[in-house]
Undergrad: 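I am attaching a structure below and will ask some questions about it afterwards.
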Amino acid sequence: MKTIAALQAAVTAAPFDGEPSDAELDAIDRELPVILADVDLLDAQIMTIDRTPTELDQRRIRRARRRVLAARRDLANLTTAATDATVSGGAA
């Protein structure tokens, strides 16, 4: 029977400094427009949580939804373009 300490040493062999790596920071930078658009949408929805939405509120929510969709589309296109650039296509 193996002891817990022996198993834990194998799992935590690499020290963790608690800071995000450069790759993680780059991913956050790429996703930041989507994050900000999601926050704007949540803000618009939260403002109408305790009352009936007015026409202005409904427009604000629609615009925020469109910004979220546009930001997600741009991120997907950016990811696809990066993948296409790294993968060579065509048969040789």
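In this chain, numbering begins with 1 at the start of the sequence shown.
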Undergrad: Just checking, any donor-acceptor pair under 3.5 angstrom between side chains of Asp57 and Thr54?
TA: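 Judged by distance alone, the side chains do pair up.
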Undergrad: Which residue pairs satisfy the salt bridge (Lys or Arg N to Asp or Glu O under 4.0 Å) criterion with at least one member in residues 65-75, sequence neighbours excluded?
TA: Asp38-Arg72
Undergrad: Which heavy atom of Ile61 sits nearest to which heavy atom of Leu41, and what is that distance?
TA: O-CD1, 3.9 Å
Undergrad: When you look at CG of Asp29, are more than 12 heavy atoms from neighbouring residues, nucleotides or ligands closer to it than 6.0 Å?
TA: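 Counting neighbours around CG of Asp29, more than 12 heavy atoms of other residues, nucleotides or ligands fall under 6.0 Å, so yes.
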Undergrad: How far does OG1 of Thr48 sit from CG of Leu56, to the nearest 0.5 angstrom?
TA: 11.5 Å
Undergrad: Between atom CD1 of Ile49 and atom CG of Leu42, what is the distance when rounded to the nearest 0.5 Å?
TA: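 Ile49 atom CD1 to Leu42 atom CG measures 9.5 Å (nearest 0.5 Å).
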Undergrad: What pairs with Glu24 under side chain to side chain contact (heavy atoms under 4.5 Å, CB included), at least two apart in sequence or on another chain?
TA: Pro20, Ser21
Undergrad: Please give me the minimum heavy-atom distance between Ala37 and Val68, naming the atom from each residue.
TA: O-CG2, 3.3 Å
